Amino acid sequence: MSKPRVVLGVGGGIAAYKACEVLRGLTESGHDVRVVPTEAALNFVGAATFEALSGHPVHTGVFTEVPEVQHVRVGKEADLVLVVPATANLLAKAAHGLADDLLTNTLLTARCPVAFFPAMHTEMWEHPATRDNVALLRSRGMVVTEPDSGRLTGADTGKGRLANPAEIVDLARLLLARPDALPRDLEGVRVVVSAGGTREPLDPVRYLGNRSSGKQGYALARVAAQRGAEVTLVAAHTVALPDPAGATVQRVSTAEELRQAVHAAARSADVVVMAAAVADFRPANRAEHKIKKSDGRPDPVITLDRNADILAELVQNRRPGQVVVGFAAETGDEHGSVLDHARAKLKRKGADLLVVNAVGDGKAFGTEDNSGWLLGADATEQPLPLAQKAALASTVWDAVVSFMKR
Ligand code: CTP
């Protein structure tokens, strides 16, 4: 199979240097990337860098390789066009159909998904001209992602930071697999997602934990934010993951901390997704000092207390119309298959939707892909074929959206 062809448009903003990391991430994950910078972008990164990293020549104008009709061909041949960073100027040109260089010509000739990753100062992002241009591009089915909040070019902070390059690569792969994965159908919807694994301390050094990487929960938060939701991500322990652009992240450690944070956020939420791996038990006593090998004395015995079932509490206290989504990591056993256990869990917990993953044998935990079933309280059962975690996340949001419409 030939490699998916991605055009990486680069706008003239300081975040252009991060486009190199996006380029690297895309080529390393098997994409054929053609970089089309604007003239201004080359003030920040030289053409040689893009040529070396992509393995293709780099041009900015329409008057090179004229017999090849590049200004039409580049866009027509692409499977995906990304613009990283999308400056206010580029968004304006794209919205109004201006075509005065190779990138803007490419944007007009592309018939594949087009995604803009904005980066600019907060004032420019919030300006009515930019808001209108973004709305216009989105109304035409183009993806304009939410920028991140944080440190901007100077000492200032605010909304307008480019999304993390790893996140951009993840969303690019999602759009290649499912061009319709990021509709703006969660605008105005308040969402809480819990992710990662809790840790229950035994002493100042040790804890009881689990293997959750947090990747699936982060993918759910990321996709929801890019579908327009107002997202609070309650993150327990995870592998190193970039904060999803546009989401508010609250960090917690123990099951009790996660419980407090999720309940507080759920009070004003329309949807709560419990993707976190919450410890069912905690050590009954937390030793003040490190537990030592006790020569001559018997080895310590750890007594466990039961933690609250947060998902069950959420279901009990849910606001009218609130959708509650649970997760179940199951292995089959002598009492039943993965699906038997999951069906029973959905009934027991009373959630509206349950995402079921088969675990064990290296499946689900820490991997980039995930599979399983999506069970509905209305007895619907949808298989979730093996796919990137972001793709599974967008299927879950599709189901949540149809649930909210009922
Ligand atoms: N969960 C929770 N609070 C807990 C344990 C789990 O809210 N104390 C949530 C998880 O976030 C997940 C769902 O419950 O959405 C199912 O988690 P799982 O560990 O599979 O279920 P348990 O209820 O712990 O059932 P069991 O371990 O007996 O299979």
Side-chain angles (χ1 to χ4, degrees), residues 191-201 207-221 224 232-238 250 252-267 269 271-284 304-318 322-360 363-365 370-377 384 389 392-393 396-397 399-400 403:
V191 163
V192 184
V193 178
S194 71
T198 59
R199 288 183 183 172
E200 307 301 312
Y207 59 83
L208 299 181
N210 60 64
R211 291 180 193 278
S212 173
S213 67
K215 287 179 183 173
Q216 186 60 69
Y218 270 58
L220 281 152
T232 301
L233 172 60
V234 179
H237 297 272
T238 66
Q250 287 181 25
V252 295
S253 184
T254 63
E256 184 54 30
E257 287 169 17
L258 189 129
R259 178 180 179 223
Q260 300 292 340
V262 166
H263 282 313
R267 277 195 274 279
V271 186
V272 187
V273 182
M274 280 296 293
V278 185
D280 287 324
F281 301 96
R282 65 180 179 280
L304 299 173
D305 282 345
R306 189 88 169 246
N307 281 331
D309 186 327
I310 305 165
L311 182 57
E313 290 178 341
L314 284 166
V315 167
Q316 247 166 27
N317 304 323
R318 88 174 96 186
Q322 189 177 57
V323 181
V324 180
V325 184
F327 267 68
E330 301 287 345
T331 63
D333 59 20
E334 66 278 14
H335 303 295
S337 67
V338 168
L339 263 181
D340 295 334
H341 286 299
R343 288 177 188 127
K345 189 167 284 179
L346 178 62
K347 276 220 175 73
R348 204 166 59 238
K349 300 242 185 185
D352 300 302
L353 291 163
L354 191 72
V355 184
V356 186
N357 301 130
V359 292
K363 278 185 270 186
F365 284 121
N370 206 357
S371 63
W373 294 267
L374 185 57
L375 307 187
L384 300 168
K389 286 184 171 170
L392 191 137
V396 171
W397 287 118
V400 169
F403 215 92

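When a ligand or atom number is given, it counts from 1 through the structure's own listing order. Note that this is a predicted model, so its numbers are computed, not measured.
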Peer 1: When you measure from the side chain of Asn210 to the backbone of Ala277, do you find a donor-acceptor pair of N or O atoms at a distance under 3.5 Å?
Peer 2: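 At least one qualifying donor-acceptor pair exists.
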
Peer 1: I need the nearest protein heavy-atom contact for atom 8 (N) of ligand 1: residue, atom name and distance, please.
Peer 2: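 The closest heavy atom on the protein side is Ala308 O, 2.9 Å.
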
Peer 1: Could you see which bit of Ala329 sits under 4.0 Å from ligand 1, with heavy atoms only: side chain, backbone, both or neither?
Peer 2: backbone

Peer 1: Should you measure from each heavy atom of Gly326, which atoms of ligand 1 turn up under 4.0 Å away?
Peer 2: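 The list of qualifying atoms is 15 (O).
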
Peer 1: Verify whether one side chain among His341 and Asp333 offers a donor that lies under 3.5 Å from an acceptor in the other.
Peer 2: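 Yes - a donor-acceptor pair under 3.5 Å links their side chains.
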
Peer 1: Determine whether any heavy atom of Ala255 lies closer than 4.0 Å to an atom of ligand 1.
Peer 2: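 Flag not set, Ala255 not near ligand 1.
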
Peer 1: I'd like the name of whichever of Met274, Glu256, Glu313 reaches closest to atom 15 (O) of ligand 1 through any heavy atom.
Peer 2: Met274

Peer 1: Only one of Val192, Val193, Val315 passes side chain to side chain contact (heavy atoms under 4.5 Å, CB included) with Val272; say which it is.
Peer 2: Val192

Peer 1: Counting non-hydrogen protein atoms only, what is the nearest one to atom 17 (O) of ligand 1? Give residue, atom name and distance.
Peer 2: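 Among all protein heavy atoms, the one nearest atom 17 (O) of ligand 1 is Phe327 O, 3.6 Å.
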
Peer 1: Scan His237, Glu200, Arg199 and name whichever one has a side chain to side chain donor-acceptor pair (under 3.5 Å) with Ser253.
Peer 2: His237

Peer 1: To check your reading of the model: name the closest protein heavy atom to atom 3 (N) of ligand 1, its residue, and the distance in Å.
Peer 2: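 Its nearest protein heavy-atom neighbour is Ile310 N, 3.1 Å.
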
Peer 1: Which option, Thr331, Val355, Leu311, owns the non-hydrogen atom nearest atom 9 (C) of ligand 1?
Peer 2: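 Ranked by closest heavy atom to atom 9 (C) of ligand 1, first place is Leu311.
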
Peer 1: Judged by non-hydrogen atoms, does Lys349 sit under 4.0 Å from ligand 1?
Peer 2: yes

Peer 1: With atoms numbered from 1 as shown, which atoms in ligand 1 lie under 4.0 angstrom from a non-hydrogen atom of Asp280?
Peer 2: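 Close to Asp280: 4 (C), 5 (C), 8 (N), 24 (O), 27 (O).
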
Peer 1: Is there a heavy atom in Lys345 that sits closer than 4.0 Å to ligand 1?
Peer 2: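 Lys345 counts as a contact of ligand 1 under the 4.0 Å cut-off.
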
